[in-house]
Visitor: 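I have a structure here, written as structure tokens, and I will follow up with some questions on it.
All chains are named by letter (A, B, ...) in the order of the sequence lines, taking the proteins before the strands, and each is independently numbered beginning at 1.
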Amino acid sequence: MERKKVAEEKGLPPLPQAEAGKVVTRFPPEPNGHLHIGHAKAAIINQEYARMYEGRLILRFDDTNPAKERLEYYEAIREELEWLGVEPDLVKNTSDDIETLYEHAERLIRLGLAYVCTCRVEEIRRGRALGLECPCRKRSVEENLSLWDGMLKDFGENEAVLRLKGDMKAKNTVLRDPTLFRIVLKPHPLKGTAYRAWPTYDFSAPIEDSLDGVTHAMRSKEYELRDELYYTILDALGMRKPILVEFSRLALRGTPLSKRRIRPLIESGKVSGWDDPRLATILALRRRGITPEAIRRFVIEMGVSKVESEPTWDLLYSMNRKLIDPKSKRLHFVPDPIRMKIENAEERVVRLRCHPSVDLGFRELRVKDEVYIAKGDAERLKVGDRVRLIGLYNVRIEEVGDEISASYAGESPIDLPKIQWVGEDRVGFRVLIPKELFRDGEFNEDSLEVSDGFAESAVEGLEIGEVFQFVRFGFCRLDSKGVAIFAHK
RNA sequence: GCUCCGGUGGUGUAGUCCGGUCAAGCAUAGAGGCCUCUCGAGCCUCAGACCCGGGUUCAAAUCCCGGCCGGAGCACCA
């Protein structure tokens, strides 16, 4: 039986109740750190859906906690998204809508659906845990209005919060009179000290989504219990309700993603910064030569499933490799160089193609009577062996040791092991090789391997940021003069 | 502990809503072969999975019940 082979485009499943031209999605990062591949998943999925339905994508900075937001991250996040190829149709900040948010809060108070609570934090927490209402809940609308005014004008932190009159007996504890506004006196990076009452995510997200015209609000699974609250708030205010879609958080084997886990690594010096090549931040992936398209394919492959999975880097590498292979120049690098003296060698200059099948030009290598080969290769050689120096000629091994003596052994490359080498035109070169940061939950002290050696001088013609392949070594990206970062085999 | 959400080969997914076309597709990793002056790419082949137990049904990966395992939430963070 013959089966037709269909090379189908990998895509996302259809969105529920989605109409072409009417879909609005949104990516709402908090400007308190750099993006990582988990954010990329959310951003890309939202963008893909907007694109799939010829809709719009909103980038909204959920900057409602002045204590955490930092000015530098607004721009950093935009740049990282741009690099990823995520181009929002609209960029906005939740903090710009704070007055509107106040109005909705006041409406809620007037409707008798929210109250100002002046209990102490611990009491509120205890009441929520036990399902107990507090006396503040009984305040009149007038009293609430006047206290709310105090929250806006002169209350200090921890003096009062605005709470939703939910259901203190609800099984879903999120519904037990959650906090809608709290007071934060720390200056906001964009608004300074103009406001003291700041909405919580639970309040701002549904209202912003509704007002922004978002039709499908996608968020990761940890918010699932908050769906009910999200809809409760919109119902209370009689506002349009977006469709909520959840998907599992992306995890990568051996790699911390959350800011909570990355920050200590940076602060303790275990990694060099947000762009340390061992991390899965956008900055780090870019620095290693992982392409935006590979990241896109990778996260689409994960899709919107709610299954918790822990993919390995392999899949990402494989996707990246296929994308960069046809574009990457081939060059020689010999880590831990060992000198090989060659008897009867005639001096020559060889022209080597920069790519076996694509025309990426060529380079010329001069050879006299010695070359350097990688220690790893040298250790495998025994007297009498014949090996092919790629693109040059064959040699026969005459003596092994700290140096190798060999002799010229013909031109035919057939059926001989092939190794890369460098000749007269060589420069010292370093490659940083990132490995898994954590193994079995333990920090891997050897997670960043440094490989020093000789590269052929042609590396000096590479641009910083260029991705290339060291033959039989792997794909790398030039990070600075004389230093590259290993991407993958 | 309570409440939710999940569980398809080593890994990641498709299929599950609307039971049969699924003796389960694809990718990745693995094995073997071809090709190649790279341990890369490409081509071919092989091997590998429906968490467990009941039930419903002519028929269950798909529906129901119970269990087991994993994750998340239980903040004046988002």
Visitor: If we take the P atom in both B:U62 and B:G70, what is their distance in whole Å?
Guide: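 That atom pair is separated by 22 Å.
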Visitor: Is a donor-acceptor contact shorter than 3.5 angstrom present between the side chain of A:Tyr223 and the base of B:A72?
Guide: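 A donor-acceptor contact between them is absent.
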Visitor: If the sugar-phosphate is the primed atoms plus P, OP1 and OP2 and the base is the rest, what is the B/S/- string for nucleotides 62-71 of chain B, using protein heavy atoms under 4.0 Å?
Guide: --------BS
Visitor: Detail all sub-3.5 Å separations between protein N/O atoms and N/O atoms belonging to nucleotides 46-51 of chain B.
Guide:
none

Visitor: Toward the 5' end of RNA chain B, which comes first, A:Thr200 or A:Val174, by nearest nucleotide?
Guide: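 Nearer the 5' end of the strand: A:Val174.
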Visitor: B:U13 P sits how many Å from A:Lys306 NZ, rounded?
Guide: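 A:Lys306 atom NZ is separated from B:U13 atom P by 15 Å.
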Visitor: What is the distance, rounded to the nearest whole Å, between atom CD1 of A:Ile300 and atom P of B:A14?
Guide: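 After rounding, the gap between these two atoms is 13 Å.
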Visitor: RNA chain B: A:Lys171 or A:Arg330, which has the more 5' nearest nucleotide?
Guide: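 It is A:Lys171, whose closest nucleotide lies nearer the 5' terminus.
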Visitor: Quick one: the side chain of A:Gln469 and the base of B:U38, do they pair up donor-acceptor inside 3.5 Å?
Guide: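 Result: at least one qualifying N/O pair found.
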Visitor: Tell me: CZ of A:Arg353 to C1' of B:C37, nearest whole Å?
Guide: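 Nearest whole value for this atom pair: 12 Å.
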Visitor: Round to the nearest Å and state the distance from A:His488 atom NE2 to B:A41 atom C1'.
Guide: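 Interatomic distance, NE2 of A:His488 to C1' of B:A41: 12 Å.
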Visitor: Pick base, sugar-phosphate or nothing for A:Pro417, based on heavy-atom distances below 4.0 Å to the nucleic acid.
Guide: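 It contacts nothing in the nucleic acid.
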Visitor: Per the ring-ring contact (aromatic ring centres under 6.0 Å, His included) rule, which among A:Phe470, A:Phe468, A:Phe475 passes with A:Phe333?
Guide: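 Of A:Phe470, A:Phe468, A:Phe475, ring-ring contact (aromatic ring centres under 6.0 Å, His included) with A:Phe333 is met by A:Phe470 alone.
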Visitor: Please give the distance between the P atoms of B:U11 and B:A29 as a whole number of Å.
Guide: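 Approximately 15 Å lies between the P atom of B:U11 and that of B:A29.
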Visitor: Roughly how far, to the nearest 0.5 Å, is CG of A:Leu437 from CZ of A:Arg439?
Guide: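 Going from CZ on A:Arg439 over to CG on A:Leu437, the span is 10.0 Å.
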Visitor: Regarding A:Gly391, tell me which of base, sugar-phosphate or nothing describes its non-hydrogen contacts under 4.0 Å with the strands shown.
Guide: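 Since a base atom lies under 4.0 Å of A:Gly391, the category is base.
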Visitor: Round to a whole Å and report the spacing from CE of A:Met168 to P of B:C2.
Guide: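 Distance, rounded to whole Å: 20 Å.
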Visitor: From CG of A:Leu229 over to P of B:G73, roughly how many Å is that when rounded to an integer?
Guide: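 A:Leu229 atom CG is separated from B:G73 atom P by 16 Å.
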Visitor: Could you tell me whether A:Arg176 contacts a base, only the sugar-phosphate backbone, or nothing, with contacts defined as non-hydrogen atoms closer than 4.0 Å?
Guide: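 Nothing, no heavy atom under 4.0 Å.
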Visitor: B:G19 and B:G10: how far apart are their C1' atoms, nearest whole angstrom?
Guide: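 To the nearest whole Å, 30 Å.
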Visitor: Less than 6.0 angstrom separating the ring centers of A:Phe181 and A:Tyr102, yes or no?
Guide: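 Yes: the rings meet the under 6.0 Å criterion.
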Visitor: Indicate, with a heavy-atom threshold strictly under 4.0 Å, whether A:Asp377 touches base, sugar-phosphate, or nothing.
Guide: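 Base contact - A:Asp377 has a heavy atom under 4.0 Å of at least one base atom.
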Visitor: Determine, using ring centers only, whether A:His188 and A:Trp198 are less than 6.0 Å apart.
Guide: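 Yes.
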Visitor: According to the Watson-Crick and G-U wobble definition with distances under 3.5 Å, which dot-bracket string, read 5' to 3', encodes RNA chain B, using [ ] for crossing pairs and | for pairs with another strand?
Guide: (((((((..((((......[....)))).(((((.......)))))....(((((..]....))))))))))))....
Visitor: Sticking with atom C1', work out how far B:A49 lies from B:C5, rounded to a whole angstrom.
Guide: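 My reading of the C1' atoms in B:A49 and B:C5 gives 23 Å.
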Visitor: Assert yes or no for the condition that the ring centre distance of A:Phe486 to A:Phe473 is strictly below 6.0 Å.
Guide: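 Yes, they do, as the ring centres are separated by less than 6.0 Å.
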Visitor: Is the NZ or CZ atom of A:Arg139 positioned over A:Tyr115's six-membered ring, under 6.0 angstrom from the centre and within 45° of the axis?
Guide: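 Output no; distance or angle outside limits.
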Visitor: For atom C1', what is the distance between B:C43 and B:A23, given to the nearest Å?
Guide: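 One C1' to the other, the span is 28 Å.
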Visitor: Give A:Val307 one of three labels, base, sugar-phosphate or nothing, depending on what nucleic acid heavy atoms sit under 4.0 Å from its own.
Guide: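 Sugar-phosphate only.
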Visitor: Regarding A:Asp325, tell me which of base, sugar-phosphate or nothing describes its non-hydrogen contacts under 4.0 Å with the strands shown.
Guide: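 Base contact.
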Visitor: With A:Arg226 as the cation and A:Tyr201 as the aromatic partner, state whether NZ or CZ is under 6.0 Å from the six-membered ring centre and within 45° of the axis.
Guide: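 No cation-pi geometry.
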Visitor: How is A:Asn158 classified with respect to the nucleic acid when contacts are heavy atoms under 4.0 Å: base, sugar-phosphate, or nothing?
Guide: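 It contacts base atoms.
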Visitor: Figure out the CG/P separation between A:Leu389 and B:U38, and round it to whole Å.
Guide: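 Rounded to whole Å, this separation is 14 Å.
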Visitor: Between B:C77 atom P and A:Phe181 atom CZ, what is the distance in whole Å?
Guide: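 Atom CZ in A:Phe181 sits about 12 Å away from atom P in B:C77.
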Visitor: Could you walk me through whether A:Thr291 and A:Glu293 pass the side-chain hydrogen bond (donor to acceptor under 3.5 Å, both in side chains) test, one step at a time?
Guide: CA-CA 5 Å; A:Thr291 57; A:Glu293 181 59 22; over 6 Å; no
